[in-house]
Each structure stands twice: as C-alpha cells, then as structure tokens.
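Sequential numbering from 1 along the given sequence is applied to the chain's residues.
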Amino acid sequence: MIRAASTCEVRRQAALADALGAPPLVPLFPRPPIGGDENLYLHALTRAALQTEAPAFRRVDLQLLAMADDARAVLAARGITVDAKVLLRGFSASGSFVNRFAVLHPSRVLAVACGSPGGWPIAPVEKADGKTLPYPVGVADVRALVGRPVDERALKAVAWLFLLGDKDANDAVIYRDSFSKADEELVFRLFGPTPVSRWKGAEGLYQKAGLDARFVLYPGVGHEVTPEMDADVAKFFEERLAAARSTAR
C-alpha cells in the first residue's frame, strides 16, 4: 500500500517537478508497531523516530539525506547535475517531517512548503514566554537528540511557506505517538487549543528567529490540499529557484 501511495504521489507531483526542472524523490517510510496500539511515526519525524535504535528505522532523516545523495550520484552518472540543496514539500504528517527535517538539516534545504504540520510547526527557538520548548515543540534539546545544535545561520537561508485551512482541525498534538502529554499541555498553554488558534503564534516565533517564513490561512478549507494551495506552492518554489540561480551566476 505504501508503494502504491508513493507512486500516486510521484504522478501527482510530476507536472510541478517538470516545470521546476527538479527530479522528484518520494521516500517510503513505514509506520511500524512498537507495542499495543502505539506505532513509530517515522514519516512525521517524531521524537521517538529520532531516538529509535532499530537498525531499519534508525535516523530516517539521515536515511533521506543518503537517498538524496544516491539519487544525485545516479543522475550525475547520466550527465545530469542536481544541486545538493533540496526543495521539500509535505502535508499533514509529511508536513511535520519536512518542517522538522529542514530545522535539523538546513544546510541541505533551499525551500520548504509545509501544509498542515500536525497541529504545530516546530518552533525554531529554545524558549517562548520563559518556557523551555523541547523537540518537537521547539529546538531546546536538539543537541542532545542528534549530537549537534541547530545551525541558526543556515536556517536563516531557508525559505518557508506554511499552509493551513481555517477549518482544519487535524491536531497531532493530542496524540501520544506524536507529542507527549507534557508537550500537549505546553502547546495548549502557550499557543492555544487548536491548530488555527496557534497559527499566529507560530508565525511570530519564526519572525522572532529572523527566518524567511510566510504563513497562509485559507478560508473555508479543511484538512485538504486545494488547487489554490498547489498554485501557491508552485509559485513559491519557482521564485526560490529563480533567486538561487540568479545568485549563482
């Protein structure tokens, strides 16, 4: 089923990839059971996903980097040069993944289009209102999790587009496979009880961190990707690629 879903996604993104001149890469990350009703939410890049020692599932963020490098090598052998920096797009759980991945590996990312990222986009700061924000609420303990702190300089070179429907109530914050109970209480207390109520607060934290981030709220839209969102993502990526190519000249 996961292969079928990825095949459909490649086909859905093919026109945009062709227009951008950017070959698509869709990783296949399972959601394996870890006991009872719990599962390892790899494709949301949760805290547990970073901590697992299971060989097949360990550090899927690094696995994705390896996939990208392998794809570049294959294309290079065919005479096709692809930049090391990637464009990332995701929605819902995969929106959380691309959001968190870019924070962990900003030097490898040009731009991120992040749709409905699990009720809360990771805050690019260690504290808010005097409260420490652990991963995935924020980045306070990233060094302890991955062995190095967030590269703030590289992070400021990444462009961000966040998209959310104003009727979207999909909230991973209340689920224990995504956030701890302490995380939930922290997010609710500091930022609000719903994804939409937290949107402006999240935007403020990205602005405070000095990041190039735009947060868009779509009227009348639920937990879905609309043609308007697709068009905004395409324009966003086109602009970022044009700017990067102009700078490279």
Side-chain angles (χ1 to χ4, degrees), residues 2-29 42-43 45 49-50 56 58-91 94-115 117 122 124 142 146-163 206 210-214 225 229-249:
I2 190 172
R3 288 185 180 276
S6 66
T7 299
C8 290
E9 187 62 20
V10 168
R11 289 173 179 168
R12 198 176 86 82
Q13 300 295 340
L16 175 59
D18 287 345
L20 297 173
L25 178 65
V26 179
L28 306 182
F29 294 140
L42 296 174
H43 61 290
L45 201 56
L50 290 180
R58 188 172 184 273
R59 292 298 303 273
V60 289
D61 58 317
L62 299 183
Q63 292 188 39
L64 178 55
L65 284 177
M67 292 177 202
D69 288 339
D70 180 69
R72 289 178 63 228
V74 169
L75 291 171
R78 299 177 182 179
I80 302 171
T81 301
V82 178
D83 194 274
K85 286 193 174 185
V86 299
L87 302 171
L88 296 174
R89 182 180 187 181
F91 179 81
S94 63
S96 294
F97 187 104
V98 299
N99 180 207
R100 297 165 182 174
F101 178 93
V103 167
L104 295 177
H105 305 284
S107 65
R108 295 294 305 271
V109 179
L110 178 65
V112 186
C114 177
I122 186 171
V142 162
V146 303
R148 54 179 173 72
V150 172
D151 185 340
E152 295 181 1
R153 182 176 179 179
L155 197 60
K156 290 180 179 179
V158 177
W160 306 80
L161 175 63
F162 291 93
L163 312 98
Y206 275 73
L211 303 189
D212 178 8
R214 185 160 62 99
V225 179
M229 289 177 174
D230 280 336
D232 286 347
V233 170
K235 181 179 179 182
F236 169 66
F237 281 159
E238 288 167 358
E239 291 174 348
R240 298 314 303 176
L241 278 175
R245 289 163 180 163
S246 176
T247 301
R249 293 193 184 106

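Between S107 and A154, the shortest heavy-atom contact is N-CB, 3.9 Å. Contact between I122 and Y206 at its shortest, heavy atoms only, is O-OH, 2.6 Å. Across all non-hydrogen atoms, the minimal contact from L20 to R245 is O-NH2, 3.2 Å. When every heavy atom of V225 is checked against every heavy atom of R89, the shortest pair comes out as CG1-NH2, 3.8 Å. When all heavy atoms are compared, the tightest approach of A102 to L155 is O-CD1, 3.8 Å. Minimum heavy-atom separation, L42 to A49: CD2-CB, 4.0 Å.
Under the 4.0 Å criterion applied to side-chain N and carboxylate O atoms, R108 and D151 are not assigned as salt-bridge partners. Under 4.0 Å is where a charged nitrogen must lie from a carboxylate oxygen, and between D230 and K235 no such pair does.
In terms of modelled atom types and a separation under 3.5 Å, the side chain of S246 and the main chain of A242 share no donor-acceptor contact. A distance-only check finds a donor-acceptor pair linking the side chain of R148 to the backbone of L104 [under 3.5 Å]. Within the 3.5 Å criterion, the main-chain N or O of A56 finds a donor-acceptor partner in the side chain of Q63.
Looking at heavy atoms from C-beta onward, V109 lies out of side-chain contact with L87 at the 4.5 angstrom threshold. Under the 4.5 Å side-chain criterion, counting only non-hydrogen atoms from C-beta, L64 is in contact with F29. A 4.5 Å side-chain heavy-atom check between R59 and V146 finds at least one atom pair inside the cut-off. Residues S94 and H43 are not in side-chain contact: their nearest non-hydrogen atoms beyond the backbone lie 4.5 Å or more apart.
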* To do: Begin from the C-alpha positions of F97 and V60 and carry the test side chain to side chain contact (heavy atoms under 4.5 Å, CB included) through to its verdict.
  => CA-CA 10 Å; F97 187 104; V60 289; 4.0 Å; yes

* L211/V158 under side chain to side chain contact (heavy atoms under 4.5 Å, CB included): CA gap, chis, key distance, verdict -> CA-CA 8 Å; L211 303 189; V158 177; over 6 Å; no

* To do: Evaluate side chain to side chain contact (heavy atoms under 4.5 Å, CB included) for D212 paired with K156, printing each intermediate quantity in order.
  => CA-CA 7 Å; D212 178 8; K156 290 180 179 179; over 6 Å; no

* **side chain to side chain contact (heavy atoms under 4.5 Å, CB included) between F162 and V112, worked out** => CA-CA 8 Å; F162 291 93; V112 186; over 6 Å; no

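Note that CG of L161 and SG of C114 are 9.0 Å apart. Values are rounded to the nearest 0.5 Å.
Environment of CD in E152: sparse, with no more than 12 heavy atoms of neighbouring residues, nucleotides or ligands closer than 6.0 Å.
Ring pair H105/F101 is tilted by interplanar angle, where 30° to 60° counts as tilted.
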For residues 71-83, dump all side-chain donor-acceptor pairs below 3.5 Å to protein atoms at least two apart in sequence or in another chain.
| residue | atom | partner | partner atom | Å |
| --- | --- | --- | --- | --- |
| R72 | NE | V82 | O | 3.0 |
| D83 | OD1 | K85 | N | 2.7 |

